[in-house]
Amino acid sequence: MPELPEVETVRRILHKQIENKIIVDLISPYQAIIKNDFLEFKKNILNKTIIAVDRAGKYLIFVLNQGFILIHLRMEGKFYLKPFEEGLDKHEHVIFYLHDQSLRYHDVRKFGTIEYFETKEAVKEYLRTRLGPEPSELEPNYLFEKIKQKKQPIKTTLLDQSVIAGLGNIYVDEVLFLSKIHPLAQGVDLTEDDAKRIVINAKKVIDEAIELGGTTIRSYTASLGVTGRFQTKLKIHLKKGEPCVVCGTIIEKIKVGGRGTYVCQNCQN
DNA sequence: CCCGTGCCCTGGCGGC
DNA sequence: TGCCGCCAGGGCACGG
């Protein structure tokens, strides 16, 4: 699933590919992806120029010369650039025609969302309640306060986008492993030093993953033929039955808040 | 207000 | 080989 590093990778590629292109037409064989009324959406983006592709947490933002398109890829959303006239793939649900080529939103599970916002203020207000600081902006004191006040496992808190924006199931497992904290540990039992290590490791993991173009695993490959390489750096996620790289204990898979979670019961204790 | 649960959706996989 | 049922999960609505 795309988390911050994957979305950032997609953003960088898309920005280069579609900056300054004009949306000349739009079709959508599966309109539920678009959260606005379809005809309204189409009217609002037609003949607009894509000035930039930005990112906030796991959201992509197409900045138009007037207006904004907010996109969430959820589990399996991807973009592909294809020739204008190429036939539609079964899972291509929204197609932006850009004069000389087409930008296609592809999503097997149809979980993704695309929504138009008229103003920067409207986008800001939408994101304000949903997104906390990104790992790069994260401060140990802030995180410690948040962790303490939550009566839930630490993993659940770290997955909460309003606490930290950008971490998902893969990177939270990695961060907790590096921080030597059990995913089921309750916030109230964690110390300031625990929060400090989480902050340091979140920055480290996210930075390194961005550098490597994200993580390519079964459920998610980046768009436009790009293959991330961070999966070779994973130390715990998907490693059930393998020995821990630190202590050799066999890694277990458990459930935390309904999410598949990988843990070294020795190191993370 | 806070937390837990179910829902959205489809392909892949295990079991028989 | 084919079919069935279950699992994966980010974010949101809803209920206790």
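In what follows, chains carry the letters A, B, and so on, assigned in the order in which the sequence lines appear, proteins first and then strands, with residues in each chain numbered from 1. All values reported here derive from a predicted model rather than from experimental measurement.
Comment: K155(A) engages D173(A) in a salt bridge, judged by a side-chain N to carboxylate O separation of less than 4.0 angstrom.
The listed nucleotides are dT10(B), dG11(C), dC8(B); the one nearest the side chain of R109(A) is dT10(B). Which of dG9(C), dG11(B), dC9(B) sits closest to the side chain of V108(A) comes down to dG11(B). Set against dT10(B), dG11(C), dG9(C), the side chain of K110(A) has dT10(B) as its closest nucleotide. Which of dA8(C), dT10(B), dG10(C) sits closest to the side chain of K253(A) comes down to dA8(C).
Shown are D54(A), I71(A), I69(A); of these, the side-chain contact (heavy atoms from CB on, under 4.5 Å) with I61(A) is made only by D54(A). When L98(A), N20(A), I22(A) are each tested for a side-chain contact (heavy atoms from CB on, under 4.5 Å) with I50(A), only one passes: L98(A).
In this entry the distance linking CD of E76(A) with P of dA8(C) reads 14 Å, nearest Å. Rounding to whole angstrom units, NE2 of residue H237(A) and C1' of dG9(C) are separated by 11 Å. What separates CD1 of I114(A) from P of dC8(B) is a distance of 21 Å, to the nearest Å. Between the CD1 atom of I33(A) and the C1' atom of dG10(C) there is a distance of 13 Å, given to the nearest Å. Spacing between atom CG of L60(A) and atom P of dG10(C) amounts to 16 Å, rounded to whole angstrom units. Protein atom CD1 of I164(A) is 14 Å distant from nucleotide atom P of dG10(C), rounded to whole Å. The distance between atom CD of E3(A) and atom P of dG10(C), rounded to the nearest whole Å, is 7 Å. Rounding to whole angstrom units, NE2 of residue H72(A) and C1' of dG10(C) are separated by 6 Å.
No more than 12 heavy-atom neighbours from other residues, nucleotides or ligands sit within 6.0 angstrom of NZ on K235(A).
Using a 4.5 Å cut-off between side-chain heavy atoms of Ile, Leu, Val, Met, Phe, Trp and Tyr, with links allowed through other members, Y171(A) and L138(A) fall into the same hydrophobic cluster.
Distance alone, capped at 3.5 Å, is enough to place a donor-acceptor pair between the E6(A) side chain and the E3(A) backbone.
Separating the CD1 atom in I206(A) from the CD atom in E211(A) is a distance of 13.0 Å, to the nearest 0.5 Å.
Residue contacts for K35(A): at a heavy-atom cut-off of 4.0 Å it reaches no nucleic acid atom on any strand shown.
Between H91(A) and H106(A), the angle of the ring planes goes over 60°, which puts this pair in the perpendicular group of the 30/60° scheme.
Taking a pair as Watson-Crick or G-U with both hydrogen-bonding distances under 3.5 Å, the stems of three or more pairs touching DNA chain C are B:2-16 with C:2-16.
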Just do the ring pair (Phe, Tyr, Trp, His ring centres under 6.0 Å) check on F62(A) and F79(A) with the steps written out, would you? CA-CA 13 Å; F62(A) 290 2; F79(A) 278 106; 5.7 Å; yes

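Residues from residues 122-159 of chain A that place a heavy atom under 4.0 Å from any atom of DNA chain C, listed by number: Y126(A), R130(A).
Residue K90(A) places at least one side-chain N or O closer than 4.0 Å to OP1 or OP2 of dG11(B). Contact annotation: H91(A) does not reach the phosphate of dC9(B) (side-chain N/O to OP1 or OP2, under 4.0 Å). Between K255(A) and dA8(C) there is a side-chain polar atom (N or O) within less than 4.0 angstrom of OP1 or OP2. Listed pair Y59(A) / dG11(C) fails the phosphate criterion, with no side-chain N or O lying under 4.0 Å from OP1 or OP2.
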For nucleotides 5-7 of chain B, tabulate all protein N/O to nucleotide N/O atom pairs closer than 3.5 Å, reporting atom names and distance.
none

